[in-house]
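One structure is given here, and the rest of the page talks about it.
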Amino acid sequence: MRQRTDDRPPRVQATRAGAGRPRTPSLLRAAARGLRSHRLRFALPGLAVLLGVAFVTGALLYGDSVRTALARAQADSQPDVSVTVRAEAPGRAPRLDDALLRKLRALPGAAGARGTAEGRSFLVGPHNTLVGDLYRAAGVNYAPDASGKDPRYPLTAGRGPRTASEIAVDRRAAERAGQRVGDTVRVVVGGAARSVRLVGVFTAKDSRTAAGATLTAFDTATAQRQFTAPGTYSAITLTAAHGTGDARLAEAAQAQLPPGLRAVAAADLNADTANADNDKLTTLLLGFAGIALFVSTFLVANTFTMLSAARAREHALLRAVGATRAYVTRLVLTEAALVGTAASVLGYALGIGVAELLGALFGVADGPAAPLRPLAPAPLLAAFAVGICVTTLAAYLPARRAAAVPPVAALRTGEPPTPAALRRRDLAGWAVTALGTLLTWAAVGDENLLFVAVPVLLVGLIILAPRLALAATALLRSPMTRYAGVRGKLAVENARRNPRRTAATATTLMVGLAMVTAVTVAVSSVARADEQEADRAMTSDLRITAVDFAEIGPRVADRVAGLPDAAAVTPVIRTEIALPGGGDHGDHNSLSATAVNPAAVARLAPISVREGSLKSLGHGIAVTGQTADAHGWHVGSRVPATIAGATERTTLPVVAIYDAPDDFTPALISAAALPPATGAERRPHIESVLVDAAPGRTAALRDTIRRTLDNPALLIQDRADARRAAADRMGPILNIMYGMLSVTVLIGALGVVNTMGMAVSERVREIGLLRALGLDRRGLASVLRLESVAIALLGAVLGLLAGIVFGAAAVLSQEGVPLALPWDRIALCFVATAAIGVLAALWPGRRAARVPLLEAIASDTE
């Protein structure tokens, strides 16, 4: 008889009674039975997928909630607005004045027209702090109708403002500030703080209040003086008459407008002002969720690989009774799909809580935010698709390997990886790693390449990880042996026993640590750049700046200059000078300039004068050497120029040629040469006010300035304050990043726990033999602990090195950002990883120590 040469299971001979081939168990029933039998082994990979699904679900549900809230607020905002007339380019269009308002009010189809004068306004609350979201905080004009009330801002208490010393605020702002009608409150407008009387509280259907901002209402004349100019508006809104569509009214209004103005229908305006910050945040959250799921695939794949080896006899028996390779493959994949389904269900439930947490941490909507929609189709489908697909795809290769083992061989033992296969993997790993390294090097010149370089280099390290695991454990053998004797040697040899498994476990930690380290390096470098910039900008004893989205008032410098201890004061004002076009220098038709106090700037700024003198800056212009060379100017040249905001051209003589830091280039003019402001649009932007104190009076002057200005929107800093503020600016960002990436590191820790726990199940007889040879329970736990630490440290070294490379490439691709390696944080990550290794071995160590000695020796599990 010819001997069988393939690995197909022998067929059971049919009887004459008609018995056929033995039937394999139902696929779903067999998979469910396998999950029940090995539920503890499937628990940790299921938990990893659960965390990833929860992150995805939370991000999508939170994004959907915020999007719904903002869309609803935008749609409900200012219900009387059908069409908005506004400038296409602020500062370059005809003004919206009362004449145009009357013209648009007379349009057929317009039931009403309203002029709005709006701008930045901040409400000061308890403890002299600003209330609400500063980005959207606004001041508006209260425009009463014939009844004396403004229908856009219906009052809930008090009355509308009538004079410059009265205001009304929205109800939520009043509640947060603890203010009531009749109170004296403070507002910051145009960079100046002043006290006013709160005469009214109103409600408003406005997207800004829904986003957490405050609305402060002034009478129309006061609002115009503060935000536009007397008799002008920042926008004109129209209300469509019954039967007239918004689009039709917008077309009719556009026909009446001069060039530079645009009429926008309400629907189009809502689309134009859709909030994009929420989409960015959701994308960022989904990116972190993707990293977590990416790491989960290694944990799932490692688990199914180890289970396939442990269940080789079970699969062999199935093959022996007639199961095909395809059946075994489908069986393992069905088990993975069931794990993924269970993880998706639980992860989705946890994701609802994650969405609530994200709303508390990053809440965009204030007040009546849109409730979460747990059964929204997109998050629901995404959660189950991600959870099931990730688990099934991760289990595919282990399933193929489980099905490929011949029945007879599987009944004896599992097949270790062949050296040839490992050599092929090494070659592929070196090739991909080299490609990733080259791409990372190229990314220094083009930051966009980082999005390709990072995954390529990570994949290369993942492929190469088994070889690196062998090399690293070989290096650890000697110090481990010296440190722990035979226990250390056993731990290292156990880690070397299956380099693929060791590498897969270390990889789960490597990816998370690489991202943590890269973020740490990048954020630390940016913080260092901010500190250096703060040092460069602090050319004086004190510097006055505004908080984000606020401004410095035009009289601040004069008020500070009048204080007794102020030795020198200058504002730093950014402006533009229009030059005649054409000629040899037609491309230089505009010149940036800094307006300063000529009498103080030489003392307060590190300016080196080449020619001329800054003393004559009061009636001329000083330019840098590079600017003078570009235009062919010299001291005495006369420059025809129009200063921004001015209506007439003037001639400025060049009084000095100098060199200075970027803050004072490419030209200097006197602040007195700036045209007077006639409204918010023409108010110059004061970047800062520099102050030098009398000798030994810096601290006293700082306190005096704070009391004198009494403005919470202004920061008065000395050099130490500026450095501290610059260093602290990136702290919250770094903490948020750590919070997001901690899920990935947690999954990596679960991978170590999972590997060590399954290793205990595989080594029952080995554990018994070690116990029989005299190794006590504490020593046995020590072996597992050292093995766990060795695996964790391998992941730490690979992750930290990869993260440093990624972070350095990201930093070096940015001009002007110095590379700063935070060795203290990197060392902390290394120590924390070692601690993860120790903690990960606690449960497996206790489990191994509880195995009865005789039962372990009698076990056939190797």
Side-chain angles (χ1 to χ4, degrees), residues 287 290-291 293-295 297-299 301-302 305 393-394 396-397 417-476 495-496 498-522 525 741 744 748 751 790-814 817 819 821 826 829-830 833:
I291 295 173
L293 288 168
F294 178 67
V295 175
T297 59
F298 297 102
L299 178 52
N302 201 23
T305 298
L393 290 175
Y396 179 73
L397 289 179
T418 63
L422 198 55
R423 283 197 297 270
R424 289 194 297 270
R425 177 169 177 159
D426 290 345
L427 291 175
W430 285 117
V432 177
T433 302
L435 176 60
T437 303
L438 291 175
L439 289 172
T440 304
W441 180 267
V444 173
D446 183 3
E447 61 180 0
N448 292 325
L449 281 177
L450 272 177
F451 296 102
V452 179
V454 169
V456 170
L457 185 53
L458 277 178
V459 169
L461 291 175
I462 290 168
I463 297 173
L464 202 57
R467 178 60 60 192
L468 298 176
L470 287 175
T473 50
L475 293 175
L476 284 174
R496 291 175 58 83
N498 191 331
R500 292 173 181 266
R501 178 185 302 174
T502 299
T505 305
T507 297
T508 59
L509 276 173
M510 180 192 76
V511 176
L513 285 173
M515 296 297 103
V516 168
T517 307
V519 167
T520 302
V521 170
S525 298
L741 291 171
T744 304
I791 295 173
L793 291 182
L794 172 62
V797 171
L798 292 177
L800 293 176
L801 290 177
I804 290 174
V805 171
F806 298 150
V811 171
L812 295 176
S813 66
Q814 303 296 317
V817 179
L819 178 61
L821 297 180
I826 292 174
C829 288
F830 188 82
T833 306

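By convention here, the first residue in the shown sequence is residue 1.
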Residue pairs fulfilling side chain to side chain donor-acceptor pair (under 3.5 Å) with at least one residue in residues 451-462, sequence neighbours excluded: none
Pairwise distance CG(Leu438) to CG(Leu449) - rounded to 0.5 angstrom: 11.5 Å
Partners meeting side chain to side chain donor-acceptor pair (under 3.5 Å) with Thr508 (sequence neighbours left out): none
Minimum heavy-atom distance between Thr473 and Ala495, given as atom pair plus value: CG2-CB, 4.0 Å
Residues in side chain to side chain donor-acceptor pair (under 3.5 Å) contact with Thr833, at least two apart in sequence or another chain: none
Over all atoms of both residues, closest heavy-atom pair of Leu470 and Arg496: O-NH1, 2.7 Å
Residue pair Cys829 / Leu800, side-chain heavy-atom distance below 4.5 Å: yes
Name of the residue among Leu798, Val797, Ile791 meeting side chain to side chain contact (heavy atoms under 4.5 Å, CB included) with Leu794: Leu798
Rounded distance [0.5 Å steps], CG in Leu513 versus CZ in Phe830: 10.5 Å
All side chain to side chain contact (heavy atoms under 4.5 Å, CB included) counterparts of Val432, not counting sequence neighbours: Val456, Val459, Ile463
Residues Leu819, Leu821; criterion side-chain contact (heavy atoms from CB on, under 4.5 Å); working and verdict: CA-CA 7 Å; Leu819 178 61; Leu821 297 180; 4.2 Å; yes
Trp430 side, atom CH2; Leu435 side, atom CG - distance, nearest 0.5 Å: 14.5 Å
Considering all heavy atoms, the nearest Ser813-Ala443 contact: CB-O, 3.4 Å
Smallest separation among heavy atoms of Ala802 and Ala514, with atom names: CB-CB, 4.1 Å
Straight-line distance of Ile462 CD1 to Arg425 CZ, nearest 0.5 Å: 9.0 Å
Flag side-chain contact, heavy atom, 4.5 Å: Leu458 against Met515: yes
Side chain to side chain contact (heavy atoms under 4.5 Å, CB included) against Val805, all qualifying residues, sequence neighbours excluded: Thr440, Leu457
Check: Phe806 and Leu450 side chains under 4.5 Å, non-hydrogen atoms: no
Under 3.5 Å donor-acceptor, Arg467 side chain and Asp426 backbone: no
Shortest non-hydrogen contact from Thr433 toward Leu464: OG1-CD2, 4.0 Å
Contact summary for Val817 and Ser525, nearest pair of heavy atoms: CG1-O, 3.8 Å
Thr520: partners by side chain to side chain donor-acceptor pair (under 3.5 Å), with sequence neighbours left out: Tyr738
